[in-house]
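Note on naming: letters A, B, ... go to the chains in the order of the sequence lines (proteins, then strands), and numbering restarts at 1 for each one.
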Amino acid sequence: MANFVSLSEAVSANLNDGDTVAFEGFTHLIPYAAVHEVIRQGHTDLTLMRLTPDLAYDQLVGMGRVKKMIFSYVGNPGVGLLRRVRDAVENGWPRQIEIEEHSHAGMANAYEAGAAGLPFAVFRGYLGAELKRVNPNIRSVTCPFTGEELAAVPALRPDVTFIHAQKANRRGDVLIEGIVGVQKEAVLAAKRSVVTVEEVVEDFDDVHPNACVLPGWTVTSICHLPGGAHPSYAHGYYIRDNATYLEWDGISADRERFQAWMQEHVLEAKPEIFAKRVAEMESAA
Amino acid sequence: MANFVSLSEAVSANLNDGDTVAFEGFTHLIPYAAVHEVIRQGHTDLTLMRLTPDLAYDQLVGMGRVKKMIFSYVGNPGVGLLRRVRDAVENGWPRQIEIEEHSHAGMANAYEAGAAGLPFAVFRGYLGAELKRVNPNIRSVTCPFTGEELAAVPALRPDVTFIHAQKANRRGDVLIEGIVGVQKEAVLAAKRSVVTVEEVVEDFDDVHPNACVLPGWTVTSICHLPGGAHPSYAHGYYIRDNATYLEWDGISADRERFQAWMQEHVLEAKPEIFAKRVAEMESAA
Amino acid sequence: MSKLDFTPDEMMTIAAARALKNDDVCFVGIGAPSAACNVARLSHAPDITLIYESGTIGTAPDVLPLSIGDGELCETAVTTVSVPEMFRYWLQGGRVTIGFLGAAQLDRFGNINTTVIGDYDHPKTRMPGGGGAPEIASSCGEIFITCKQSLRTMVEKIDFFTSFGHGDGGDAREKLGITTKGPSLLITDLAVWNTDPVSKEFVVSSLHPGVSREDVQATCGWAVRYADDMDVTPPPTANELKVLRDLKARTKAAHGGAKKEKAA
Amino acid sequence: MSKLDFTPDEMMTIAAARALKNDDVCFVGIGAPSAACNVARLSHAPDITLIYESGTIGTAPDVLPLSIGDGELCETAVTTVSVPEMFRYWLQGGRVTIGFLGAAQLDRFGNINTTVIGDYDHPKTRMPGGGGAPEIASSCGEIFITCKQSLRTMVEKIDFFTSFGHGDGGDAREKLGITTKGPSLLITDLAVWNTDPVSKEFVVSSLHPGVSREDVQATCGWAVRYADDMDVTPPPTANELKVLRDLKARTKAAHGGAKKEKAA
């Protein structure tokens with residue numbers, strides 16, 4: 001059953017150096033506050049997985065905390081490349097990182113298989129794609145009825161998944177609305193999970209019966225952390241801070257500027273800052 | 001794009017003798033009005049599929065319209081056995097029927113694979129179960145990563161799927177709420193689909209963003225048919241007519257009583273009768 | 001049996017309910033298991049998570065459902081998911097601690113038949129089939145079974161292996177690569193049976209009040225074994241009986257009445 | 001190029017928009033494809049179904065999204081599904097008629113590289129990678145590609161096959177068991193290119209107004225082929241330009257302004 005704790009407690013109770021970790025979120029509801037707390041606590045040698053590593057993973061990689069990254073699209077959405085990841089892959093700065101690269105279909109199916117307790121996922125993919133050549137985890141199975149050869153990838157099973165969600169109720173059930181991405185799968189596939197939420201409400205009596213809800217007994221720790229998805233957004237709470245995504249391109253272009261920014265905005269900051277950061281972004285919706 | 005037609009037109013435009021047909025619904029939202037219209041129009045030699053063939057399939061089998069049935073639980077839910085199906089399987093009355101039997105997990109995964117455009121589904125199932133011996137469509141595949149042997153079944157791809165849903169909007173989008181069963185999968189897996197609905201509304205602006213909605217371009221025909229799920233129920237409209245399920249045990253126990261009942265309540269009836277049948281069952285919810 | 005102020009059926013349901021814990025996640029079969037699971041929820045295990053295969057997770061019905069997909073299961077659930085998701089993420093995902101099944105035909109190793117009496121291709125009686133049971137039997141942490149004793153139900157050899165229990169006993173599950181515990185408890189109207197840790201056959205661990213060993217053997221098709229330290233099942237408490245009878249009364253009023261009484 | 005009252009970029013977007021039909025179901029890549037698809041929707045194809053890989057189906061944003069998961073895509077969608085469902089039921093399910101992609105590096109057969117410049121293990125430039133594109137390229141009915149011409153983009157040989165087009169031409173797709181049509185149209189800032197039905201290489205079918213064959217070859221790394229019946233692309237109509245410019249202006253106001261202007 002989920003326990004309600006501070007973000008600091010949740011990170012130290014659930015994450016260990018060397019863990020395989022997913023901070024999931026598909027443009028929407030990216031758990032930035034959790035990523036920053038992990039950076040502050042000094043965790044390192046992490047294997048990160050995510051379909052769309054964005055600024056959050058650029059920051060973890062740039063701070064040298066990442067041993068390996070499993071991903072399908074490593075960009076700054078709508079802006080361009082991730083310059084800290086490029087620096088690590090192209091120049092080994094601040095350290096070499098291993099990469100395991102898939103397509104979105106491959107990653108999404110692999111999380112689905114993880115949530116479903118299967119060892120691998122089957123889908124029609126990678127036809128003619130060169131990723132098959134460079135990723136030994138892309139294999140194939142043959143349909144026992146038609147003989148068609150299909151792609152197979154191992155299930156993703158993180159040690160810990162971090163997500164941000166709109167609401168928890170007092171029993172620890174978690175509600176995710178809007179672009180739900182692969183968050184439900186990433187939590188169900190993981191051994192442990194930490195959910196930061198915008199709001200804690202009494203119950204979900206007014207919620208649609210088929211809404212995306214994670215029952216409290218599927219979640220390890222919940223932290224009430226308004227604004228915890230900034231600069232991404234929380235449907236119904238605040239909009240995406242596109243300006244920050246655009247600015248990141250400049251901040252991350254230079255090693256020293258990046259480090260100074262991380263010092264000021266992450267290492268010397270506290271989780272509570274996130275509520276202030278979204279104050280200007282709050283949506284009437 | 002879905003067209004709005006009468007049930008009579010929808011059935012004659014979409015169904016042919018010998019077709020493979022799913023009338024799906026998991027206790028909730030069973031498309032009885034459509035089944036009765038199919039019986040009236042005389043369609044026969046059908047291959048029926050459904051996880052939970054209930055009274056509807058008992059009626060189709062008892063009327064001799066069924067060549068083969070693919071299923072996982074052939075009972076009268078909460079009451080007992082299906083006596084017309086028993087008579088067909090045990091005594092060949094009114095005709096022999098072929099059966100292909102799965103578990104719910106097998107059927108659900110097979111519809112999922114059909115919706116996903118895959119030739120087969122993989123899951124961990126039928127371990128030690130004797131259905132493997134009697135159903136040649138239960139095979140296996142080996143995980144290319146762990147070597148685990150998993151169950152494989154062919155995807156279900158009906159020629160036509162019939163479902164009942166709560167609402168359509170003017171553009172032909174369909175909303176299903178509550179116990180959603182495998183209806184979305186059964187429609188997406190099918191070549192053609194017919195949806196009877198309780199209500200046609202202007203738009204779905206007030207509907208939850210992650211509700212179970214079938215866009216109009218995925219549906220072939222829509223029929224406004226209030227009460228069309230009786231004696232099952234429509235969440236938010238009317239409750240289950242449990243008394244009818246209990247009564248069916250007696251009606252179906254005797255061939256002549258069954259035939260007389262079908263004559264009066266199906267062959268000589270019209271689709272409009274369903275609205276009257278649920279008038280007493282209407283829920284304040 | 002001596003005259004008691006509860007029926008064997010009530011004792012069965014209450015004994016079955018007692019086996020469930022507050023933190024269990026229980027996949028509920030319809031019929032006897034459903035009554036036991038809801039009595040547990042309404043008495044000592046208020047936070048138990050009940051899952052029905054219709055997709056309803058964490059449901060808390062006020063009356064017993066007639067089917068596994070009654071509307072109240074959805075209305076009171078924490079969330080309702082599609083049936084493919086139910087079988088993939090929730091059952092196969094290994095999240096369910098207890099699968100609670102009934103049985104039309106059962107052997108001493110907890111193998112269940114709900115498919116056919118007689119030969120599969122030419123059955124004497126065609127029963128409903130497996131539904132969710134074949135994968136409930138292999139995917140849940142352990143399996144509880146409840147049924148009334150009779151020579152027709154509890155047989156030496158079942159006609160069809162719908163759901164695998166312990167096969168022919170011993171390490172039969174391991175040999176098939178099944179990692180879950182399988183049937184560990186059988187609650188009948190006469191006794192509570194545990195599973196022998198080595199042979200994996202059911203062994204009576206307690207007789208219900210007023211039940212004799214002869215009663216048990218007379219309604220069981222295999223040679224009954226008894227535990228060394230046999231108990232008498234504690235009789236239902238006043239509160240347990242009240243919870244069960246109130247539930248049954250609400251259920252009867254809701255399902256059995258005239259149509260007009262049923263409208264919400 | 002002669003002086004025109006529209007830019008090459010505008011001509012590209014409008015020519016790309018024209019290729020879409022009202023009953024298309026289009027899987028929209030971000031950037032240039034997104035502009036073209038929304039211009040189509042706001043002009044001649046009001047009922048077109050636009051799908052973004054974030055799970056938004058039938059979306060109708062008022063401004064262009066900066067990312068494929070902007071909030072407005074969900075708010076205006078017919079429905080929003082999970083990403084696994086998007087790739088399984090909707091893309092792999094074969095429901096999408098057009099996949100509209102951009103390209104960082106492209107060859108004459110419509111093979112696309114968005115992964116690396118240089119060697120995969122020691123890249124000169126690490127680009128974002130495939131995202132949804134590898135399966136968009138094989139699962140959609142056909143593929144439209146749009147990009148600005150340059151010698152860096154349109155190359156004789158791409159460094160990495162992120163998304164398979166027609167391989168080395170001819171029946172390369174069939175040989176791999178791919179049943180969809182693949183790249184059938186390329187719209188650049190200078191020309192419209194169709195796919196030769198036999199060789200499967202891109203062939204210029206119309207030059208945009210004021211563009212010469214020399215302009216096209218100067219910005220293309222392979223030897224350009226021209227159709228026998230070459231056309232000039234009809235210039236943007238006043239309405240097309242207005243739709244595009246209004247959309248861009250709304251987008252700029254929404255994304256580019258000061259923070260306080262962005263609050264809804």
Side-chain angles (χ1 to χ4, degrees), chain A residues 26-28 51-52 71-75 77-82 85-86 89-90 101-109 111-112 123-131 133-134 148-149 178-185 212 232-233 235 238-243 245-246 280-285, chain D residues 30-31 53-56 65-71 73-75 80-88 91-92 111 115 120-135 137-139 160-165 167 172-173 176-178 254-260 262-264:
Chain A
F26 202 87
T27 310
H28 180 213
L51 275 75
T52 53
F71 70 95
S72 44
Y73 186 90
V74 58
V79 179
L81 304 175
L82 286 184
V85 171
R86 275 191 65 184
V89 173
E90 296 168 15
E101 187 168 1
H102 293 271
S103 64
H104 280 350
M107 291 285 286
N109 276 290
Y111 273 123
E112 204 272 351
F123 63 107
R124 188 179 291 110
Y126 295 121
L127 291 165
E130 200 171 344
L131 277 180
R133 181 179 65 78
V134 297
E148 182 181 353
E149 187 178 309
I179 291 176
V180 295
V182 295
Q183 282 98 303
K184 181 174 184 172
E185 287 76 14
C212 181
S232 78
Y233 71 104
H235 186 105
Y238 46 90
I239 62 172
R240 194 168 186 265
D241 186 358
N242 285 322
Y245 281 87
L246 293 163
E280 289 178 274
M281 316 303 300
E282 276 167 18
S283 154
Chain D
I30 204 65
E53 64 195 14
S54 53
T56 49
L66 184 69
S67 80
I68 44 73
D70 277 18
L73 294 175
C74 173
E75 283 157 23
T80 298
V81 300
S82 74
V83 169
E85 180 180 325
M86 173 53 67
F87 282 96
R88 286 180 72 81
L91 182 61
Q92 183 178 262
N111 303 299
T115 303
Y120 183 81
D121 290 315
H122 303 93
K124 211 175 97 194
T125 306
R126 173 67 230 195
M127 297 190 289
E135 283 76 22
S138 59
S139 293
F160 192 89
F161 269 58
T162 308
S163 310
F164 193 78
R173 288 176 77 85
L176 288 174
I178 307 174
H255 296 166
K259 284 191 178 186
K260 66 178 180 295
K262 286 190 285 183

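Distance check: D:S138 OG to A:R124 CZ gives 8.5 Å after rounding to the nearest 0.5 Å. Taken from OG in D:S82 to CD in A:E112, the straight-line distance is 8.5 Å, to the nearest 0.5 Å. For the atom pair A:H104 NE2 and D:M86 CE, the distance stands at 11.5 Å (nearest 0.5 Å).
Between chain D and the residues A:T52, A:V89, A:V85, the most heavy-atom pairs under 4.5 angstrom are made by A:V89. Of all the listed residues (A:V182, A:V79, A:V134), the one sharing the greatest number of non-hydrogen pairs under 4.5 Å with chain D is A:V134. When each of D:A172, D:G71, D:G165 is scored by its heavy-atom pairs under 4.5 Å with chain A, the top score falls to D:G71. Ranking A:A105, A:S72, A:A129, A:C212 against chain D, the residue ahead of the rest is A:A105, based on heavy-atom pairs under 4.5 Å. In terms of heavy-atom pairs under 4.5 Å with chain A, the best-connected choice from D:P128, D:G167, D:G69, D:A137 is D:P128.
Using a 4.5 Å cut-off between heavy atoms, D:P84 touches chain A through backbone and side chain atoms alike. Proximity to chain A (any heavy atom under 4.5 Å) is restricted, for D:F87, to the side chain, taken from C-beta onward. Interface remark: D:E53 contributes backbone and side-chain atoms alike to the contact with chain A (heavy atom separation under 4.5 Å). Contacts of D:D70 with chain A are made by both backbone and side-chain atoms, with heavy-atom separations under 4.5 Å.
Side-chain contact of D:Y120 with A:E130: a donor-acceptor pair under 3.5 Å is absent, judged by distance alone.
Between A:Y111 and D:V83, the closest side-chain pair of non-hydrogen atoms is not below 4.5 Å. Residues D:S67 and A:R240 form a side-chain contact, since some pair of their non-hydrogen atoms from C-beta on lies under 4.5 Å apart. Residues D:T125 and A:L81 are in side-chain contact: their nearest non-hydrogen atoms beyond the backbone lie under 4.5 Å apart. Taking the side chain as every heavy atom from C-beta outward, A:H235 and D:E75 approach each other to under 4.5 Å. Side-chain contact between A:T27 and D:S54 is absent, with no heavy atoms from C-beta onward closer than 4.5 Å. Put simply, the side chain of A:V180 does not reach to within 4.5 Å of the side chain of D:T80, judged on heavy atoms.
Considering all non-hydrogen atoms of both residues, A:L127 and D:L176 come closest at CD2-O, 3.9 Å. Counting all heavy atoms, side chain and backbone alike, A:Y126 lies closest to D:E135 at N-OE2, 2.9 Å.
A side-chain donor-acceptor contact under 3.5 Å links A:E90 to the backbone of D:R126.
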